[in-house]
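Every number for a ligand or one of its atoms is a count from 1 in the order of the listing. Just so it is clear, the values below take in all heavy atoms, side chains as well, and ignore hydrogens, waters and symmetry mates. Quick caveat, the model's predicted, so the values are computed rather than measured.
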Amino acid sequence: MSLFRKSPPDHGHDHGPDSASTPSDDGAERPVLDPQTKLDLQGLFQHFQQDVEILLFAAADGVDVFSTAARKVLRAMAELSPRIRLSEHAPDSPRARDLSVSATPTIIMSPERCRFRYLGAPVGEEGRTLIEALILLGFGDSSLSPPSRKLLKTLDGPRQVKVFVSLTCPYCPQQAINALKAALERPDLVAVEIVDIQANPDLADQYGAHSTPQAFAGDKLIALGAQAEELFMASLVKLEQQTIFIPDSDAQLIAADLVVVGGGPAGLTAAIYGARSGLKTVVIEKDALGGQVATTPVVENYPGLTSVGGKALVDLMVSHALEYCQIFPGEEVMEITPGQPLALATNRRRFTARAVLLATGARHRQLGAPGEQRLAGRGVSYCATCDGPLFKNRAVLMVGGGDSAVTEALHLANQGASVTLVHRREKLRAQARLVEQLENLKIPVIYNAEVKEIKGQERVEAVVLADTAGGPERELKVDGVFVAVGYDPANALARRLGLALTPEGYIQVDERHHTSQTGVYAAGDVQGGFKQIVTAAGQGAAAAMSIFEDLMNPYWTRTRAEKA
Ligand code: NAP
């Protein structure tokens, strides 16, 4: 949930949640928290078991927007509980020297208990990091899962962790909090700095961190993207990115009627419908809730909402689903064993279910051009919402001709990037309304061109474009390449289960969302179709109703005559 009021965008047109990224110094007095959030937090914070000490090292008001924003948000937090003790210090104070503070703003939290610093202003999406940090410190427990604690016990040397984040990245708080939990659990060995790359561009450049989140231990990159907690701990221990973690067989067991795998529009809608029909329903999501919508700058075709930030729409859906069911974010389903009930194992616990809905969505496609993988996170990005603010006043190329590419090109232009769109054909595939906006903003489009190579040593420096109409190749100097060339179904679990797939890899379903495996259903982008938010939500609702009817009157026990 976005807990903080957003500052106005620094470019006129964009009303999405991303526009909150840069703190405003317009002097307008707006409360940091809305009244309800304030009450909720006060209620929670009054149960704190320990004091939380916050030291803020910031420039005087009006000197830099990040210092001003950090001061404002921390003062608002300190007002919520006498247990939050804020002290403010000048960056050249003796205390700053003692603590080797070298950047403003720097926030140090409870230094007597852990080594945790935040470099920047925790606003926008990073408001979640601040709130969760306060909660963990206030309750005095890392709240790590037993497998994570076990992993950290095996840590054999010091780790200086840096997690690079941006204020518009919905994935970042998960990774920042993973790092804080490690610092709380092993204060003897783990020191953590969360670095906002907009406030600290030089440090980001030094580490070559040009996408978020990225986690380093010392100089070593240990994770690109957000991870489940156990995977982060394993990466920290092994000093390289880990992708698989299987829990012990005695992990916690939760019995549910319906387990929904995937927390995008299809999964969340199915959960609302499933739970409201009386099924004990849970949602498991390994990444950020909302799927692709969470990083869609603006949505203009969801009925009832003329224009809404993708993340704001997700927050509404998540709040709605939480009214009825439990959601397990940051958890990855590793295994599904067919049967009645079905058995599922995540990286943290086990579930049984009478039905499973796969709403795993789709993963962005790669271009496959030389240089793309090597420079991923070093100027090559797949998320304009997360990484766009880093390219203000820089030249970027947006690749693709569909709705995503055009929506994201508009967003990048609104963020102040100098963006050029490149499309492999002579006509864009995107909706006319979006193309019109592109023309209004005078964003140049290069037609009939394909990215042949992405060049650069430490970071993106140029692209080589091949002319699909047979003309000569050309090289274009750019600082970033954003790729939006469509999505492939996220079908890894379906493949492991041996489900029947279409030739394109989508899960084959009948009109009632049944897959080829009894008790397993599919909905949303992983089943293919129109891939709109509203159609995914519709499929989720239909699948949940189908599941409810089947559980009342199982199709797998009905005779052929009854089915007809
Ligand atoms: P898409 O509609 O599949 O478009 C992908 C684009 O990338 C196409 O223009 C395609 O070219 C191009 N492309 C594919 N492979 C390429 C390659 N290797 N090199 C260069 N270009 C390549 O994907 P999308 O834009 O991500 O949209 C996915 C779905 O989400 C769609 O249903 C879309 O309507 C929906 N969506 C909607 C909105 C909105 O309503 N605001 C926003 C985002 C997404 P060709 O045209 O030549 O095939």
Q.
Please compare A369, S404, P297, G402 and report which has the shortest non-hydrogen distance to atom 24 (P) of ligand 1.
A. S404
Q. For atom 30 (O) of ligand 1, which protein heavy atom lies nearest, and how many Å away is it?
A. K531 O, 3.4 Å
Q) Got a sec: does the CZ of R496 have more than 12 other heavy atoms crowding it under 6.0 Å? A) yes
Q. If you count the atoms of ligand 1 from 1 in the order shown, which ones are under 4.0 Å from a heavy atom of H423?
A. 9 (O), 11 (O), 45 (P), 46 (O), 47 (O)
Q.
Within ligand 1, which atoms have a heavy atom of L367 less than 4.0 Å away?
A. 19 (N)
**Q.** Residue and atom name of the nearest protein heavy atom (relative to atom 14 (C) of ligand 1), distance in Å to one decimal
**A.** V485 O, 3.2 Å
Q: Before signing off on this row, confirm whether L434 and ligand 1 have an N or O atom pair separated by under 3.5 Å.
A: no
Q: Just need the protein heavy atom nearest to atom 8 (C) of ligand 1, so name the residue and atom and give the distance.
A: R429 NE, 3.6 Å
Q. Given that the side chain starts at C-beta and the backbone is N, CA, C, O, which of these parts of T407 lies under 4.0 Å from ligand 1, counting heavy atoms, or is it both or neither?
A. side chain
Q.
Is it true that, when you exclude Y273 itself, more than 12 heavy atoms of the residues, nucleotides or ligands shown sit nearer than 6.0 Å to its OH?
A. no
Q) Which residue and non-hydrogen atom of the protein lie closest to atom 3 (O) of ligand 1, and at what distance in Å? A) G486 CA, 4.0 Å
Q. Among A484, G400, G401, A405, whose heavy atom sits nearest atom 9 (O) of ligand 1?
A. G401
Q.
Does only the side chain of Q292 get under 4.0 Å from ligand 1, or the backbone, or both, or neither? Count heavy atoms.
A. neither
Q. Where does N301 meet ligand 1, judged by heavy-atom distances below 4.0 Å: at the side chain, the backbone, both, or neither?
A. side chain
Q) Does ligand 1 have a heavy atom under 4.0 Å from the side chain of Y487, from its backbone, from both, or from neither? A) side chain
Q) Can an N or O of E450 be found at a distance shorter than 3.5 Å from an N or O of ligand 1? A) no
(Q) Please check this pair: side chain of T269 against backbone of A541, looking for a donor-acceptor N/O pair closer than 3.5 Å. (A) no
**Q.** Nearest-neighbour protein heavy atom for atom 32 (O) of ligand 1, which is reported as residue plus atom name and distance
**A.** F530 O, 3.0 Å
Q. Just by modelled atom types, is the G368 backbone N or O under 3.5 Å from a matching donor or acceptor in the E372 side chain?
A. yes
Q.
When you measure from the side chain of E331 to the backbone of N347, do you find a donor-acceptor pair of N or O atoms at a distance under 3.5 Å?
A. no
Q | Contact partition for R425 relative to ligand 1, non-hydrogen atoms under 4.0 Å | A | side chain
Q) atom 33 (C) of ligand 1: which protein heavy atom is closest, and how many Å away? A) D403 OD2, 3.3 Å
Q.
I need the nearest protein heavy-atom contact for atom 11 (O) of ligand 1: residue, atom name and distance, please.
A. R424 NE, 3.1 Å
Q. Parallel, tilted or perpendicular: which fits the ring planes of F164 and Y207, with parallel below 30° and perpendicular above 60°?
A. tilted
(Q) With a 6.0 Å cut-off (strictly less than), is the heavy-atom count around CZ of R374, excluding the residue itself, greater than 12? (A) yes
Q: May I ask whether Q431 has any heavy atom positioned less than 4.0 angstrom from an atom of ligand 1?
A: yes
Q. Is the closest basic N to carboxylate O distance between R433 and E300 below 4.0 Å?
A. no
(Q) Has T515 got a side-chain atom pairing as donor or acceptor with V520's backbone, closer than 3.5 angstrom? (A) yes
Q. Does any N or O in the side chain of D257 come within less than 3.5 Å of the main-chain N or O of K280, such that one atom is a donor and the other an acceptor?
A. yes
Q) Hey, does the side chain of D479 reach the backbone of A395 with a donor-acceptor pair shorter than 3.5 angstrom? A) yes
Q: Take every heavy atom of Q532, measure it against each atom of ligand 1, and state whether any distance is under 4.0 Å.
A: yes
Q) Can T296 be said to touch ligand 1, with heavy atoms closer than 4.0 Å? A) no
Q | Sub-4.0 Å heavy-atom contact, E300 with ligand 1 | A | no
Q) Are there more than 12 heavy atoms of other residues, nucleotides or ligands under 6.0 Å from atom NZ of K531? A) yes
Q | Geometric class of the H364/Y382 ring pair [parallel <30°, tilted 30-60°, perpendicular >60°] | A | parallel
